[in-house]
Every structure is written in C-alpha cells, then in structure tokens.
Amino acid sequence: MTAAQKADVQNIFNGWKNLGNLDYVSCWFKKSADFIADSKVRAALVATNSICQGDSVATLWKKIFSDGVHFDFAYRTFKWDSESAQKAHVHCIIIGFSCAPNDNPKIIFDGEQKIIAQNINAYLQDALNVFVESRNKPLCNVPPLLTGSQRIDDDNFIFTFDEMKDFIKREPNAKKYFRAWYGAEEFINGKKRFCLWLGDCSPNEIKKMPLAYERVKNVREYRLASKRSATRRIADKPTHFGLEVIPKTNFLLVPVISSERRRYIPIDFMSPENFCSNQVNLIPDTTLYHFGVLTSSVHMAWVRAVAGRLKSDYRYSGSIVYNNFVWCSPNEKQRAKIEEAAQKILDVRKKYPDSTLADLYDENLMPADLRAAHRKNDKAVLAAYGFDENFTESEIVAELMKLFEEARKKSRR
C-alpha cells in the first residue's frame, strides 16, 4: 500500500489494533458495515480471500460481527484472471452481509457445490462464530512449534552440492562444518543445499581456513552495512546465523508454505545434524502420536479453515494454526492405533526412495499404498476425537471450532 492508502486504513479503523495485516479492501467492508448499521440494507462485495484467512479474520470481523453484522451468503475462494496485458491471478471471495433478519436460507457456494448453512462464520464455514487469534504458546499440552533459523549472511554460508564440493576441495578442513540445509523447497522437492556453520569453530581454527575466514568477514561487513539496527548488532557474531534455532533432539519439520493441491502437508521427522531455514517450522521432542495427528485429515481440515494463504497455498504458522489446534485426548488403545498408523505412513514412504515428498503427495501420483496408510491414520485420529469416520471436512471443522471455543474459554479461567 502507498502511504496514502495506509493513512486511509488508519482513518477508517481509527483505534483498532493489528491493522498491519489487513488488505486495503477491508476498508470497503468496514464502511459498508457502518452504512448498513441498524437498517435492513444488504451489501455484497468481491474481495481478496485474505480477509477471511489467518490473523486477518479476528482483526477485521470480530468487532464487525459484535456490532450485529452477519453473513447472508458467501462464495469461497475462486481464481479471477484480469483482462489486462499483464495477467493478474487473484484469489477472490464474495460476501453478502447485513444486520437484517434473514428469512431466506444462508448459502455457501464452493465451486459447483451449493451448501445450505445454519450459520456462515468469518472463515466462510458453516460453524460457530469463533475467532482464532494469535497465541504465543499451544492451547493444549503439546511441544512448542518453532520457526527455523535466519542466516542473514548475504548467502555467504549457503552452498549447492557442487559449490560445497569445490569449497572443500580448496579448503579441506572446512568439511566437518558443513550441514544439510532445509527450507520448504529443499524438504519437499528434494533440492540439495548445504550450510557452513562455524558457530563451534575457534578464531584460531578459522584463521587456518582462509576461504572460511573470508566468508565470515563478508558476513560481518554485510551486517554492519545494514540500515536495521538489529542486523548491525549481530555483526558481532559473524560465525553464527542471525537468528539460530537448532534443536538438540529429533524434531518434526512442517513447511511454512505448501501447495493447496495436496490433501496432506508433507511433514517428517528430522535429526539434529540437519539445519533448517525460517521457511520451515520445527517441533522438537515429538512422537509418532504427534506425527499421526498432524498428518491427519482432522488437522488438515483445521489448516484449510484457519491458515493464512500465499495466493491459495497453505501458510502454516505456529501462532494461528498450531497453537490454536485442539488435540484429542486418546485412551491407550486409541493412541496405540494412531502410532501404528503413523509408522505405516513412514514405512510406505521408504518404499519409494527415488521419489520426493512432492512426488508422493501429488494427488495424481500418490501411490495407492501410501494413500491407504493415510486413510487408516485418518480413521484412527477421527476415532480418538469421537468423530464419525464418514464426517465431511465441513463437519470436522464445525466440531473442531466447538472444541476450540470450549478450550479457549477454559484457558481463560
């Protein structure tokens, strides 16, 4: 947004908090809500889908709903292609809203599907009016989710496989300081990249490696030249990444961004010698049970309902998605079934060593035995929640939102 547009947002939402995550189109919804207050007038607007996703939902709709506005109908996300010479692919929604009583049924349009709804909440779900707000820690007793490291090194510490081989050939003593490096691209698509991490290396040892020393010097100079004071401060530790998140135990890796075309976000266990960027999330000290629940249809229903999006791809965050997810409370037998099913998923994956996670989770290419393993895991997780195994995704979301509201109220006591 331009400075003038930002000023518009501040003026229209005067006194509201967390406005930085709102799209400019939010202004029209706020103005419309003001105009139709205490009347029978109805409004409908086309908008970018971001206003009903992620942390924008609570920021925009919580107050507007409390003032008596409700949704009369909604079209869920669809792609709009502009007619301009430079094609713009925009992901849109349409929302009809009012303060007036509605004698007609509420309708949600989802592609060719027409859903008669009891209520349309701000996530465009037939469910309770809940608002999933940012949380610093999980609502349930589960391991915390962390975001990976930020190098802030002007790419001095990052290498392709060939670049690493050439560097080690010229600087053999540096070999033991290389680690596999994973962002979402590397993890999902099997792209090989490596980082040079000199955090445990003494100054004397670095001086014996002139090429490594040159990289450290470049990083320090790059950080000192930054306009950001926080970046300049970390120039004093140029052998380390700018922000280091390095688990000491095995952890689950969850990509920050993953394609909407996948039924399941690919996740996997990783060992601590693998280093990760801030394009992935890390959950240390996890078990097969945690893996099974997170890779289930239940959790994916929650992701699709509340996560932010990049275009239409999932943006998995700790503060909105993970920390607000309500976990089941399985008995011993139910937990064992989830763990067994989760292990089966991992075992089946190993049968395809030449395939990346992108290959395995392509809906057109997913092997039948992997799909069957996921279905068995879905069934085990649904049973642990007490959900019918034939629940639709909409029904799962509605139940999860009830559980969320109950857990949120309980956490405030």
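For reference, positions follow the sequence shown, starting with 1.
Closest approach of Thr59 to Trp16, counting heavy atoms only: O-CZ3, 3.3 Å.
Aromatic ring orientation, His374 versus Tyr264: parallel (interplanar angle below 30°, classes split at 30° and 60°). Using bins of under 30°, 30° to 60° and over 60° for the plane-to-plane angle, the ring pair Trp61/Phe97 lands in the perpendicular bin.
A centroid separation of less than 6.0 Å is found between the aromatic rings of Phe65 and Phe71. Annotation: Trp80 is not in aromatic contact with Tyr75 [ring centroid separation under 6.0 Å not met].
Remark: Asp236 CG is packed, more than 12 non-hydrogen atoms of other residues, nucleotides or ligands lying under 6.0 Å away. When the shell of 6.0 Å around NZ of Lys379 is examined, it contains 12 or fewer heavy atoms from other residues, nucleotides or ligands. The neighbour count for Arg261 CZ, taken as heavy atoms of other residues, nucleotides or ligands under 6.0 Å away, does not exceed 12. No more than 12 heavy-atom neighbours from other residues, nucleotides or ligands sit within 6.0 angstrom of CZ on Arg228. Around NZ of Lys106, the count of heavy atoms belonging to other residues, nucleotides or ligands within 6.0 Å exceeds 12. The 12-atom threshold is not exceeded at NZ of Lys31, counting heavy atoms of other residues, nucleotides or ligands nearer than 6.0 Å. In this structure, Asn136 places its CG atom where only 12 or fewer heavy-atom neighbours from other residues, nucleotides or ligands lie under 6.0 Å away.
With respect to the salt-bridge test (charged N to carboxylate O, under 4.0 angstrom), the residues Arg335 and Glu339 qualify. Under the 4.0 Å criterion applied to side-chain N and carboxylate O atoms, Arg193 and Glu163 are not assigned as salt-bridge partners.
Between the side chain of Asn278 and the backbone N or O of Gly148, no donor-acceptor pair lies under 3.5 Å. At distances below 3.5 Å, not a single donor-acceptor pair connects side-chain atoms of Arg220 with backbone N or O atoms of Pro238. Side chain of Asn331 to backbone of Lys333: a donor-acceptor contact under 3.5 angstrom is found. Of the possible donor and acceptor atoms, none in the side chain of Asn281 sits under 3.5 Å from a partner among the backbone N and O of Thr147. Within the 3.5 Å criterion, the main-chain N or O of Trp181 finds no donor-acceptor partner in the side chain of Asn274. For Arg151 (side chain) and Phe241 (main-chain N/O), no donor-acceptor pair under 3.5 Å exists by modelled atom type.
For the residue pair Tyr177/Glu205, the side-chain donor-acceptor check at 3.5 Å is satisfied. Asn121 and Gln125 share no donor-acceptor pair across their side chains, judged by distance under 3.5 Å alone. At a cut-off of 3.5 Å, with distance as the only test, no side-chain donor of Asn218 or Asp154 sits close to an acceptor on the other residue. One side chain, Asp72 or Ser98, offers a donor N or O that lies under 3.5 Å from an acceptor on the other. Side-chain atoms of Ser271 and Glu273 form a donor-acceptor pair, as typed in the model, at a separation below 3.5 Å. Using modelled atom types and a 3.5 Å distance limit, the side chains of Tyr361 and Arg349 yield a donor-acceptor pair. Side chains of Asp23 and Ser26: a donor-acceptor N/O pair is absent below 3.5 angstrom, by distance only.
Taking OH of Tyr289 as the reference point, atom CH2 of Trp327 lies at 6.0 Å (rounded to 0.5 Å). Atom-to-atom distance recorded for Arg309:CZ and Arg315:CZ is 11.0 Å, nearest 0.5 angstrom. Taken to the nearest 0.5 Å, the OH atom of Tyr182 stands 9.5 Å off from the CG atom of Asp268. Taken from CG in Asp347 to CD in Glu340, the straight-line distance is 10.5 Å, to the nearest 0.5 Å. In this structure, CZ in Phe269 is found 5.0 Å from CG in Leu288, a value given to the nearest 0.5 Å. The structure places CG of Asp359 at 11.5 Å from CD1 of Ile188, a figure rounded to the nearest 0.5 Å.
Residues satisfying the side chain to side chain contact (heavy atoms under 4.5 Å, CB included) criterion with Arg179, sequence neighbours excluded, are Cys195, Phe275.
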Side chain to side chain contact (heavy atoms under 4.5 Å, CB included) between Tyr123 and Val132: does it pass, once the steps are laid out?
CA-CA 10 Å; Tyr123 299 92; Val132 182; 3.2 Å; yes
In sequence, state the C-alpha distance, the side-chain angles, and the governing distance for Lys217 and Glu221, and then conclude on salt bridge (Lys or Arg N to Asp or Glu O under 4.0 Å).
CA-CA 6 Å; Lys217 178 173 171 287; Glu221 290 174 353; 3.1 Å; yes
Candidate pair Asp285 and Thr249, rule side chain to side chain donor-acceptor pair (under 3.5 Å), full reasoning
CA-CA 7 Å; Asp285 303 316; Thr249 61; 3.0 Å; yes
Evaluate side chain to side chain contact (heavy atoms under 4.5 Å, CB included) for Ile51 paired with Val25, printing each intermediate quantity in order.
CA-CA 8 Å; Ile51 64 169; Val25 72; 3.8 Å; yes
For Glu363 and Arg371, run side chain to side chain contact (heavy atoms under 4.5 Å, CB included): C-alpha distance rounded to whole Å, both residues' side-chain angles, the deciding distance at 0.1 Å, then the answer.
CA-CA 9 Å; Glu363 274 298 293; Arg371 198 183 297 274; 3.3 Å; yes
Full working for side chain to side chain contact (heavy atoms under 4.5 Å, CB included) between Cys52 and Ile93
CA-CA 9 Å; Cys52 286; Ile93 54 176; 3.7 Å; yes
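Within the structure, salt bridge (Lys or Arg N to Asp or Glu O under 4.0 Å) pairs that include any residue of residues 109-137 comprise Lys62-Glu133, Arg76-Asp110 (at least two apart or interchain). For residues 206-227, no pair satisfies ring-ring contact (aromatic ring centres under 6.0 Å, His included), with sequence neighbours left out.
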